[in-house]
Amino acid sequence: MRLSLSLSTPHSSFLRFTTLSPTPPMASGSNSLVWFRKGIRIHDNPALEYAAKGSSYLYPVFVIDPRYMEPDPTAFSPGSARAGVNRIRFLLESLADLDSSLRKLGSRLLVAKGEPGEVLFRCLKEWDIKRLCFEYDTEPYYQALDIKVKNYASAAGIEVFSPVSHTLFNPADIIQKFPSLSDDMYGSFDETSEKNSGRPPSSYQSFLKIAGQPSWASSPLSTTVSLLPPVGIVENCGISNVPTLQELGYEDSGQDELTPFRGGESEALKRLRGAMDDKEWVAKFEKPKGDPSAFLRPATTVLSPYLKDVQKNVKSHTLPPVSLLGQLLWRDFFYTAAFGTPNFDRMNGNRICKQMEFLRKLFGQTSFIRVLLHFEKISSTNTNIRIEELAHVAPCDIVFQWNKRSQTTKITHLAMASWDSSQIPWNVDDELLAAWRDARTGFPWIDAIMVQLQKWGWMHHLARHCVACFLTRGDLFVHWEKGRDVFERLLIDSDWAINNGNWLWLSCSSFFYQYNRIYSPISFGKKYDPNGDYIRHFLPILKDMPKEYIYEPWTAPLSIQTKAKCIIGKDYPKPVVSHDTASKECKNKLAEAYELNKTRNGAVNEEDLKILRRKFEENQSQEPKSKRLKNKS
DNA sequence: CTGCCGTTGGGATA
DNA sequence: TATCCCAACGGCAG
């Protein structure tokens with residue numbers, strides 16, 4: 001049984017589910033359009049099924065949206081402004097596969113190009129469409145777009161069917177069920193919505209409690225369409241076949257190693273069946289135990305119906321959160337959080353995200369600029385000023401610390417006095433970001449993962465954790481939004497809700513807060529792959545480095561470096577930071593930011609401020625000096 | 001308010 | 001490989 005959305009209410013987030021009537025009324029001779037977006041598949045696709053039912057002509061459409069697909073030569077890697085070429089290739093392969101599946105059913109895929117709303121309006125009109133079907137989408141971009149489309153359709157008297165079929169649950173449903181604690185504390189979720197007291201669960205456990213057993217666990221497998229109505233006459237809408245990369249204006253990148261993953265439903269089903277046949281593997285699956293350096297382990301794309309049977313038939317299986325079923329529920333967890341959180345993909349205006357900006361507004365770049373000068377008091381009137389390290393100059397307030405015993409004054413903090421409030425709070429160092437992005441941090445484990453991302457568009461989950469932690473709270477303290485953008489562009493399995501959710505998680509901005517647990521860019525990979533085979537594969541420049549040094553090649557004696565034909569600082573970069581000192585700095589910064597977030601929305605009074613300052617001064621004066629190793633060869 | 005727990009930390013020890 | 005300690009967060013149940 002499938003669920004359909006009633007479209008009578010304007011508040012899409014809280015639409016009620018209604019059961020689909022088995023034989024929908026349909027005037028004979030009417031045309032339907034099914035609009036493909038995320039779910040590029042023919043199986044388990046209620047929008048397609050409904051569109052096919054009783055229609056004399058069916059138009060299956062995919063719109064190539066310039067927002068995602070327009071070539072952008074100024075981007076840091078080949079592709080459009082938002083999507084790398086791997087992602088675009090993957091999408092085109094998926095479309096080609098869909099087209100081939102549709103053709104087997106007597107139909108074909110119609111590819112149009114342009115702003116999706118405008119394209120659709122034209123098609124609906126030109127082809128005299130009476131019924132429009134597309135999968136419901138919770139992403140803000142589609143939420144806004146779909147409202148426009150639905151409004152147009154209802155004004156034109158077109159029936160719209162937009163089922164929730166991308167997730168196991170309807171996120172709005174979960175949010176409604178979740179008890180609201182105190183609306184005053186958090187503000188209402190959406191002011192335009194009348195009865196909207198619910199907020200998404202903030203922990204996985206509380207999510208599970210609400211979600212319970214997914215309904216599909218007891219429902220039969222979805223039927224597959226065996227024949228589709230023909231495509232009618234296609235005119236005036238710029239329809240083409242599925243284009244190639246070249247036809248879209250992308251040049252042959254000439255990359256030496258392409259992603260081994262092919263796009264398309266057929267490939268996904270093949271991979272799924274292969275995995276599901278191994279019942280032992282499914283039952284014993286434990287997420288954290290995977291080996292992030294085992295790069296030939298396939299990424300499994302999972303469709304729910306197949307999982308169900310295996311889950312039932314094997315007695316001792318693992319449980320959520322680490323089980324395979326648990327992974328699907330995690331997906332829904334992030335979808336729910338993303339749907340129920342305004343500005344989920346930003347720090348500013350995101351109520352579940354730690355606001356590091358208060359740190360900056362009050363203290364400036366405390367950790368990175370501190371101990372610039374030494375003041376030595378010679379007499380009551382004269383002072384010696386010695387510059388020790390001058391990293392940055394900006395208009396600032398100076399915080400002194402007087403040491404009685406040594407009779408010296410030390411500058412411990414520089415608080416930006418004229419700091420722009422729109423300034424982003426995390427590090428805005430583009431050089432550090434570029435080093436991370438372009439795989440030249442000098443940490444082979446990190447760089448190898450980033451090369452795999454560039455080439456394959458996929459890395460192991462824990463490998464993603466390592467590089468995300470390293471970029472943000474672990475070492476470089478670069479804003480998680482910057483890393484999010486890079487992942488979104490390069491990952492072929494990139495997904496708005498899950499990607500943003502995980503960056504919030506890994507940066508300790510939301511969901512997860514144990515900021516002292518930092519992945520070591522040296523020892524974490526070593527634990528799984530002591531020989532460094534993974535590094536040797538993706539960073540061939542290091543292939544002859546002895547395993548004793550391959551995770552820390554800068555510690556290798558010059559003779560070893562020479563023998564390995566890899567001089568550090570010349571053939572491969574020195575580390576951009578010292579992990580030991582940088583990670584301590586990061587912990588301090590997080591501690592400060594958390595402390596400031598505790599006080600009501602950053603409304604700190606002057607007394608609190610003094611206490612906090614003293615606290616951090618004591619804490620930081622014991623810490624080692626900030627170190628940014630220069631990486632000039 | 002307290003104590004327990006949290007999909008995946010590091011390091012030492014046995 | 002398993003267990004303990006480190007240090008010490010927020011969410012949640014009692």
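What's counted below: heavy atoms across the whole structure, side chains too, no hydrogens, waters or symmetry copies.
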Side-chain N or O of [X] versus OP1/OP2 of [N]: is the shortest distance under 4.0 Å?
X      : N      : answer
A/Q205 : B/dT7  : yes
A/S203 : B/dG6  : no
A/S202 : C/dC12 : yes
A/K527 : B/dG9  : no
A/S523 : B/dG11 : yes
A/K587 : C/dC6  : no

>> Exactly one of A/W436, A/F470, A/Y572 should register a ring-ring contact (aromatic ring centres under 6.0 Å, His included) with A/F443. Which one does?
In response: A/F470

>> Measure CD/A/Q514 against P/C/dC6 and give the value in whole Å, please.
In response: 16 Å

>> I need the NZ-P distance between A/K584 and B/dG9, as an integer number of Å.
In response: 20 Å

> Can you tell me if NZ on A/K270 sees more than 12 non-hydrogen neighbours from other groups inside 6.0 Å?
Replying inline: no

Can you identify which nucleotide, out of [options], has its nearest atom closest to the [X] side chain?
X      : options               : value
A/Y594 : B/dT8, B/dG10, C/dG10 : C/dG10
A/N516 : C/dA7, B/dT7, B/dT8   : C/dA7
A/Y513 : B/dT7, C/dC9, B/dT8   : C/dC9
A/Y519 : C/dA13, C/dA8, B/dG9  : B/dG9
A/S206 : C/dG10, C/dC12, B/dG9 : C/dC12

Sub-3.5 Å pairs of nitrogen or oxygen atoms, protein against nucleotides 1-3 of chain B:
none

> A/Y549 versus A/Q561: any side-chain heavy-atom pair under 4.5 Å?
Replying inline: no

> How about A/Y335 and A/D495: do any of their side-chain heavy atoms sit closer than 4.5 Å?
Replying inline: yes

> Mind checking the C1' distance from C/dA7 to B/dC5? Whole angstroms is fine.
Replying inline: 16 Å

> Given the P atoms of B/dT7 and C/dC5, what is the spacing between them in whole Å?
Replying inline: 23 Å

>> Output the pairing pattern of DNA chain C as a dot-bracket string, 5' first, Watson-Crick or G-U wobble with both distances under 3.5 Å, | for cross-strand pairs, [ ] for crossing pairs.
In response: ||||||..||||||

> Among residues 495-511 of chain A, which residues get a heavy atom nearer than 4.0 Å to DNA chain B?
Replying inline: A/W505

> Would A/Y515 count as stacked on C/dC9 if the rule is ring centres under 5.5 Å and plane angle under 30°?
Replying inline: no

> Looking for any heavy atom pair under 4.0 Å, which part of the strands does A/F524 touch: base, sugar-phosphate only, or nothing?
Replying inline: sugar-phosphate

> Which part of the nucleic acid, if any, lies within contact of A/K526, taking any heavy atom under 4.0 Å across all strands shown: a base, the sugar-phosphate backbone alone, or nothing?
Replying inline: nothing

>> Quick one about A/S494 and A/E488 (side-chain donor to acceptor, distance below 3.5 Å, no hydrogens or angles considered), yes or no?
In response: no

> Does a donor on one side chain and an acceptor on the other come within less than 3.5 Å for A/N500 and A/R484?
Replying inline: yes

> Can we call the ring centroids of A/Y515 and A/Y594 under 6.0 Å apart?
Replying inline: yes

>> Testing A/Q143, A/K38, A/H166 one by one against A/Y136 for a side chain to side chain donor-acceptor pair (under 3.5 Å), which residue passes?
In response: A/Q143

